[in-house]
Amino acid sequence: MTLRTRFAPSPTGFLHIGGARTALFCHLHTRHYGGTTILRVEDTDLERSKQEAVDAILDGMHWLGLDPDEGPYFQSANREKHLDIVDQLLIAERAYRCYCSKEELDQMRDEQRSAGLKPRYDGRCRDRGSAPTPDAPYVIRFRRPKVGEVIWQDKIQGEVRVRNDELDDLILVRSDGSPTYNLAVVVDDHNMGINLVIRGEDHLSNTPRQIQLFEALAWDVPEYAHMPLLHGEDGAKLSKRHGAVSVLAFKEDGFLASAVNNYLVRLGWSHGDQEIFTTKEMEELFDICEVGRSAAIFNSDKLLWINSHHIMDAQPEDLLEELTYQLQRIGIEGVENSRLLEIIPEFQERSKTMVEMAQKIAFLFIDELPPYEPNAAKKHMKIAAIGPLSELTSRLESCQDWSHDSIEKVFKSILDAFGIKMGKLAQPVRVALTGTATSPGIYETLCLLGRQKTISRLKAGVVFLEEKAAAAE
RNA sequence: GUCCCCAUCGUCUAGUGGCCUAGGACGCUGGCCUCUCACGCCGGUAACGGGGGUUCGACUCCCCCUGGGGACGCCA
């Protein structure tokens, strides 16, 4: 039997990191077993469903490389099918009309709570024959079995048992005639041939109810895997209040999709001591059955470290898109890919994020002189560097071949001529060229910057030093 | 409150009764490398929540406590 899994978000907001993890685990497990992933938007609550949210979820999944094989399907489109099933249940007396008002139910729950009981519907309309008044509003409830228990072998949680008397008669159809989530899920999972449901542990308590429904309809029950939740830094379930930001915010912040996936997959799952996984490796190795049962706390330091590794390990071509995106965000546009491809390798192991990379390479593209960082200038732009710097400038000007080796020879000749150490030369040069005290190797930096900009910035550096010397007198 | 789940370094985890004086990773930290930064390498820091059992022997099995989390909607 071919594996069919679904990711079923409700369109009430963007795809956050916890939802992304669920989608990822679905995707990975399904890929491992060669199955089919289905995206189904759970929009039975039309009031809270938003098209923008659907788009945001789709965008988030696409960025992470989690596009579904089928869908998106919209649960609201299946309304008639859901309601047909309820008719069947009504006829079979597995469902009944309940005329209780919300106030009545609230009061009932309050009483139960104060009596130390679990609040739940007490079934008072179960055997009510007729409507209190002909036009009384009603909901339709499922007539659950009262005895026995629901047992299933959860792929993560192991055997789970729930006594039927712990449950209550859930609502299938609202008083406005619309199907509820639990009904829609069961009908859709069945109709779509879903045979494995992977979802968050927060759905654990829905599962026995849904299994009861499957059984009442004499349908095959899918398998289940309830993932432990991802918690925020405060240890509580991720929510908008607990820093559950859109996954696309990670793109903004310069994270690579593969790194985000890699980070997420290690929360609850491991493969020996391996920390860094390519997407392909994850798809080959991951198995939902190996996921642990305890919740994990989101830790941005680890994500940053993983991101830096994915940047280092990437082919430069694979960084083009994200780098161009980040450059454009800081106002640098129109840089040729071929030029970027020369630059990227020098910055891969120096950038933890693509934002950082864009910032670090920005000095190469500005036409004006780079502003000197005060600390860098103070520490390295010493008056004593005037001689070496100006001599270097003129020797570079007459240097025929702007290559790493030729540039190195020129530098070495200056070192010999002045009897100074590399640090005394390279650092002032670095500040003059980049405005900062850090950059790739100095020869590489000159190569990337090019002859023209190098010479003019060095000259400006000499002027800067001369002015400084003049002011000191 | 009721029901359910979880419990190894601050964090992510390995560990499936003896290989554990508990391994790896992030973080923090000492050092090496070095033209800077980074990478890399070497070292350090730090954990089996508590109490009972079971056993020749428990991080590993059972029970209780404690702690954390989740669920209890005409939301999904």
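Note that the coordinates shown come from a computational prediction; the quantities given were computed from them, not determined experimentally. Below, chains carry the letters A, B, ... as their sequence lines are ordered, and counting in each starts from 1.
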**Asked** What nucleotide among B:U11, B:G23, B:C3 has an atom nearest to a side-chain atom of A:Glu166?
**Response** B:C3
**Asked** Are OP1 or OP2 of B:C4 and a side-chain N or O of A:Lys118 less than 4.0 angstrom apart?
**Response** no
**Message:** Aromatic contact between A:Phe142 and A:Tyr96, with the criterion being ring centroids under 6.0 Å apart: yes or no?
**Reply:** no
**Message:** Classify A:Lys352 by what it touches in the nucleic acid, base, sugar-phosphate, or nothing, heavy-atom distance under 4.0 Å.
**Reply:** sugar-phosphate
**Message:** Please classify the nucleic acid contact of A:His271 as base, sugar-phosphate, or nothing, using heavy-atom distances under 4.0 Å.
**Reply:** nothing
**Request:** Please state the C1' separation for the pair B:G70 and B:C63 - nearest whole angstrom.
**Result:** 24 Å
**Whole angstrom value for the distance that separates C1' of B:U34 from CD1 of A:Ile442** = 14 Å
**Message:** Using atom C1' in both nucleotides, what's the gap between B:G30 and B:A46 to the nearest angstrom?
**Reply:** 16 Å
**Asked** Does A:His203 place a side-chain N or O at less than 4.0 Å from the phosphate oxygens OP1/OP2 of B:C72?
**Response** no
**Prompt:** Which is true for A:Gly268 with a 4.0 Å heavy-atom rule: it touches a base, it touches only sugar-phosphate, or it touches nothing?
**Reply:** sugar-phosphate
**Sugar-phosphate only, base, or nothing, as touched by A:Arg163 at under 4.0 Å among non-hydrogen atoms** = nothing
**Prompt:** So does A:Ser439 reach the base of B:C37 with its side chain, donor to acceptor, closer than 3.5 Å?
**Reply:** no
**Integer angstrom distance from the P of B:C4 to that of B:C64** = 11 Å
**Message:** If you go through the side-chain atoms of A:Arg293, does one of them form a donor-acceptor pair with the base of B:C5 closer than 3.5 Å?
**Reply:** no
**Message:** So if I take every side-chain heavy atom of A:Arg266 and compare against B:A76, B:G40, B:U13, which nucleotide ends up nearest?
**Reply:** B:U13
**Asked** Should the pair A:Tyr443 and A:Phe411 be assigned to parallel (<30°), tilted (30 to 60°) or perpendicular (>60°) ring geometry?
**Response** perpendicular
**Message:** Please determine whether the number of non-hydrogen atoms from other residues, nucleotides or ligands lying under 6.0 Å from atom CG of A:Asp176 exceeds 12.
**Reply:** yes
**Prompt:** Nearest of B:C74, B:C5, B:C12 to any side-chain atom of A:Val139?
**Reply:** B:C74
**Asked** Across the strands shown, which category fits A:Gln157 at heavy-atom distances under 4.0 angstrom: base, sugar-phosphate, nothing?
**Response** sugar-phosphate
**Prompt:** The side chain of A:Gln427 lies closest to which of these nucleotides: B:G40, B:C35, B:C12?
**Reply:** B:C35
**Prompt:** Would you say the side chain of A:Arg350 and the base of B:C39 hold a donor-acceptor pair, judged only by whether the two atoms sit under 3.5 Å apart?
**Reply:** no
**Message:** Counting only heavy atoms from other residues, nucleotides and ligands, does the tally under 6.0 Å from OH of A:Tyr138 exceed 12?
**Reply:** no
**Message:** Quick check on B:A76: is either OP1 or OP2 less than 4.0 Å from any side-chain nitrogen or oxygen of A:Thr180?
**Reply:** no
**Message:** Taking only the C1' atom of each, what is the distance from B:U16 to B:C48 in whole angstrom?
**Reply:** 14 Å
**Asked** If the C1' atom of B:G17 is compared with that of B:A58, how far apart are they to the nearest Å?
**Response** 6 Å
**Item:** Listed nucleotide nearest any side-chain atom of A:Asp202, set B:C35, B:C72, B:G70
**Value:** B:G70
**Side chain of A:His231 (C-beta onward), nearest among B:G27, B:A25, B:G69** = B:G69
**Asked** Per the atom types in the model, does the base of B:G24 pair as donor or acceptor with the side chain of A:Glu275 at under 3.5 Å?
**Response** yes
**Asked** Which nucleotide in the set B:U36, B:U11, B:C4 lies at the smallest distance from any side-chain heavy atom of A:Thr438?
**Response** B:U36
**Asked** To the side chain of A:Ser175, which of B:C74, B:A76, B:G27 is closest?
**Response** B:C74
**Asked** What nucleotide, of B:C12, B:G40, B:C6, holds the atom closest to the side chain of A:Ser294?
**Response** B:C6
**Message:** With a 4.0 Å cut-off on N to O distance, would you call A:Asp169 and A:Arg126 a salt bridge?
**Reply:** yes
**Distance, P atom - from B:G44 to B:C26, rounded to whole angstrom** = 15 Å
**Request:** Examine the base of B:A76 for any acceptor or donor lying under 3.5 Å from a partner atom in the side chain of A:Asn206, and report the outcome as yes or no.
**Result:** yes
